[in-house]
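To keep things clear, I will list the structure first and then write my remarks on it.
For ligands, and for the atoms within them, numbers begin at 1 and follow the listed sequence.
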Amino acid sequence: MNRFLFLLLPFLYLLAPTLSAQGTLRTLHSPGKLSSISIGLNKSGEPFYKINYRGKTAVDWSRLGFDTKEYKLHSGFSLRSASTSTHDDTWTPVWGEVAQIRDHYNELEYRLSDATGCTFIIRCRAYDEGVGFRYELPRQDCTPTVTITDERTEFQMTGDHTAWWIPGDYDSNEHVYSTTAISAIDNVWYNREHAISTQHIVKMKNVQTPITMKTADGTHIALAEAALADFGALHLETDVKNLKFKAFLIPSADSTVKSVNTMPFHSPWRAVLLSKDAAGILRSKLILNLNEPCKIKDVSWIKPQKYVGVWWEMHVGLATWDYEATADMMAATGREVKNGRHGANTANVKRYIDFASKYGFDGVLVEGWNLGWKDWFGKWKDEVFDFAKPYPDFDMDELSRYAKEKGVKIIAHHETSSAVPSYERQMDAAYAYMNKYGQNAVKTGYVGKIIPKGEWHDGQWMNNHYLRVAERTAQNRIMVDMHEPVRPSGWHRSWPNWMACEAARGQEFNAWSTGNPPEHECILPFTRILGGPMDYTPGIFEVRMSAYDPNKKEVVHTTVAKQLALYVTLYSPLQMAADLPENYEKRLDVFQFIRDVPVDWDDTRILDAAVGDYISTARRQKGTHNWFVGSITDENPRNTTLKLDFLPAGKTYEATIYADGAGAHWESNPYPVSISKRKVRKGDTLSLQLAAGGGAAVSLIAQ
Ligand code: NOJ
Ligand code: CA
C-alpha cells in the first residue's frame with residue numbers, strides 16, 4: 001500500500017461510513033434530484049451524513065447524535081431499517097408572501113438501535129431547495145427521560161465560504177452582522193463593544209442560526225433550525241481550522257444540561273437551505289414546510305395589519321414609558337409624583353387614534369400604559385408590571401370607547417422585563433382584560449435578564465414559554481408580536497396568530513445607538529427573517545435625531561425612500577408606520593406609499609438580490625392584480641433595471657415611483673424623495689437609481 005493512502009486510511013474509516021459498516025449507507029434524493037442526503041454508520045456504529053447539491057458536496061461527511069446522561073445516542077448503533085416515502089401537497093397559509101405553498105419532499109426514516117435495544121430514529125427530508133433532518137426517540141421500554149448534555153451534529157463545510165453571522169449570544173439577537181470567511185469568525189469584538197445590555201457571549205467562535213454562506217462558485221447555503229420546541233436553541237460552534245460547525249445548544253439554568261425531554265420525543269429540525277443564487281434563499285419555504293400545519297381551527301379573527309403607536313416618541317426621548325418621576329425625585333418628595341412626560345396619556349393616545357383612523361391604519365400600539373415602568377430596566381426583579389392596571393392618566397374605558405368609535409383597535413403592550421413567572425401568573429387575567437376592552441393584538445417584550453434566574457432567552461425553559469404564550473393568546477383570539485424572544489423557526493405556520501417577532505436588531509437602535517449600518521436590511525432577510533416575519537418598524541421620515549435634540553448625533557442609516565422600500569423587502573404581516581404623526585403630516589405625498597402598501601400577498605418575486613448588497617422584491621397584493629416593488633441597496637449607490645415581466649399580459653398599470661431624489665445619500669442628504677408616475681405594461685422596464693443607503697418603492701395599480 002502506498003504510504004500516502006496508509007496515512008489517510010484511519011481518516012477515511014472515520015469519515016466515510018461506506019468503508020466500514022457495510023450496508024448501512026443510504027442516499028435520499030430530492031424529488032427533482034437537485035439535492036440529496038446520504039447517511040450511514042461507521043464501524044463504531046456512529047451515524048454520519050453528507051449533503052450534495054447540484055452535483056457538488058454542500059456538507060461533507062459530518063457527525064450526528066447526542067450526549068445524554070441516560071443513553072449513548074452517538075455510537076454503538078446498528079441499522080434496523082431504512083424506509084423511504086414521498087410527500088407532495090399544497091397548503092394555504094393564513095397570511096403570507098404567497099397564496100399557496102407546495103410541500104414536496106422525499107423522506108427517509110433511518111431507524112437505529114443500540115445494544116440495549118433502545119430505538120433512535122434519524123428522519124431526513126430532501127427537498128429540491130435543501131434538506132432537513134431531526135432526531136426521534138419513540139415511546140419504548142427504557143427510561144423515558146433523556147437529559148441532553150450536548151448535541152453532536154456537525155456541518156462540515158467544503159471551503160472557507162463567506163458567511164453572514166451574529167455571535168452565539170445566549171440572551172440577545174440584537175447584534176450588527178459580520179461578513180467574514182468561516183475561518184475568521186470571532187466574537188472578541190462583540191464582547192469588547194458590549195453594545196447590548198443583556199448580552200451573554202461565552203464562546204468566541206459561536207454563531208447564531210440561521211447563518212448564511214456563499215461558496216466560491218456562488219452556491220448559497222443557510223444553516224437553520226425549524227420548529228424549535230422544548231429544546232435549547234441551535235447555535236453553532238465554529239471550528240475555524242477545519243471549516244466545520246458543531247451544534248451548540250443553549251443550556252438550562254444547570255449549565256451542564258442542555259435540555260430534559262420525555263419520550264416520545266423529537267428534536268427540532270436541522271435545516272440546510274440550498275440555492276444556486278441569493279434569491280433562491282429568499283424564496284425558500286423549507287423552514288415553513290418543516291413546521292406542522294395550522295393548529296388553530298377558526299382563523300377568521302387573524303388579520304394582517306398596519307399600525308401606528310405611542311412608541312418612537314419614547315425612543316427619541318420626547319416622552320417616557322413611566323408615569324412616575326425617577327426614584328430620586330420621589331425619595332426627595334417622599335411620595336409618588338408624576339414626571340410630566342408620560343407618553344401614554346389619554347389625550348396623546350387619542351391623537352394617535354385620530355391619526356390612525358384618518359389615514360386607514362388598523363391598530364394603535366400604546367406602550368407605557370400600565371403600572372410598573374419605574375422598575376422595569378436593569379433590576380432583575382420579579383413582580384414589576386401589572387398587566388391589567390393602567391396608569392392614572394390613561395383612561396382605558398374612554399380610550400376603548402373612542403377607539404371603537406373611530407374604527408381602530410388599541411394594541412396592548414406587555415413588557416415583561418423578562419420576569420417571566422410573574423407574566424405567566426398574570427397571563428389569563430391580562431388576556432381577559434384585553435378581551436373585555438376589545439383588544440385583539442398584543443406586543444410582548446423580554447428586555448433584561450431572565451427570571452427564573454439562570455435561564456436564558458434562548459434556552460429550553462424560555463422556548464417553551466414563548467410557545468405557551470402563542471397557544472394561550474390563540475385560545476383568547478389574540479394576535480401576538482414578540483420582542484426579544486428566541487429567533488423564530490417557522491412556528492407561524494402552526495400558530496398564525498404569532499404574527500411577528502423582533503428577535504434581531506430593529507429600527508429602534510437607530511434612535512439611541514450607533515445604529516444599523518446601511519447593509520443591515522440587506523442581510524436580515526437572508527438570516528433572521530428566514531425563520532419568520534420581523535417587526536422591524538420601518539417608515540422613519542425624520543431620520544436625524546438632532547431634530548429632537550441638537551446634541552444628538554444618532555441617525556437612521558438610510559434615505560427616506562429606502563424606509564418606504566422596506567415595507568416590501570422586509571416581509572411582515574404586521575407592519576408599523578413607526579414615525580410620529582406630525583412627521584408624516586409634513587410629507588403626506590411620500591406617506592401615501594405607506595398608506596397604500598399592503599401586508600398580505602398572493603405572490604412574491606425576488607427580482608434581484610445579493611446578500612448584504614441589494615434586494616429587489618415584487619409582491620402582488622392579496623386578492624388583487626396590484627403589485628408593489630421595493631428595491632434597496634447597502635452603502636453603495638446602484639442603478640438597477642427591473643423587468644416588469646411579472647405583470648399579466650394585456651393589462652395597463654399606473655406606476656407611482658418613490659425614488660431617492662437628486663443628490664440623496666443616507667448620511668449627507670437623506671430626505672429627498674422624487675415621486676413620479678407613468679403607465680407601464682408587461683415587458684416594460686423600470687430603471688431605478690438607488691442612492692448610497694437608498695432605495696425605491698413602486699406601487700403598480702391595475703387600471
Ligand atoms: C424593546 C422593544 O424592542 C421596544 O420596541 C420597546 O419599545 C421597548 N423594549 C420597551 O418595551
Ligand atoms: Ca428590542
Tell me which part of Phe509 gets within contact of ligand 1: side chain, backbone, both or neither, using heavy atoms under 4.0 Å. neither

Salt bridge between Lys381 and Asp375, side-chain N to carboxylate O under 4.0 Å? yes

The atom name of the N, O or S atom in Glu484 nearest to the Ca ion (ligand 2) is OE2

Can you check whether Glu508 has an N/O within less than 3.5 Å of an N/O in ligand 1? yes

So, Arg544 and Glu554, do they make that salt bridge, N to O below 4.0 Å? no

Sub-3.5 Å N/O-N/O distance, Trp373 and ligand 1: no

Looking from the Ca ion (ligand 2), what is the angle between OE2 on Glu508 and OE2 on Glu174, to the nearest 10°? 120°

Whether Glu398 and Arg401 form a salt bridge (side-chain N of Lys/Arg under 4.0 Å from carboxylate O of Asp/Glu) is what I want to check. yes

I'd like to check which ligand 1 atoms, numbered from 1 as shown, lie under 4.0 Å from a non-hydrogen atom of Trp321. 7 (O), 10 (C)

Would you call Glu97 and Arg619 a salt bridge, using N to O less than 4.0 angstrom? yes

For Lys449, is there an ion pair with Asp171 - N to carboxylate O distance below 4.0 angstrom? no

Judged on heavy-atom distance to atom 1 (C) of ligand 1, which of His483, Glu484, His315 sits nearest? Glu484

Residue, atom and distance of the protein heavy atom nearest atom 11 (O) of ligand 1 read Glu415 OE1, 2.6 Å

Of all the atoms in ligand 1, which lie at a distance below 4.0 Å from a heavy atom belonging to Glu502? 3 (O)

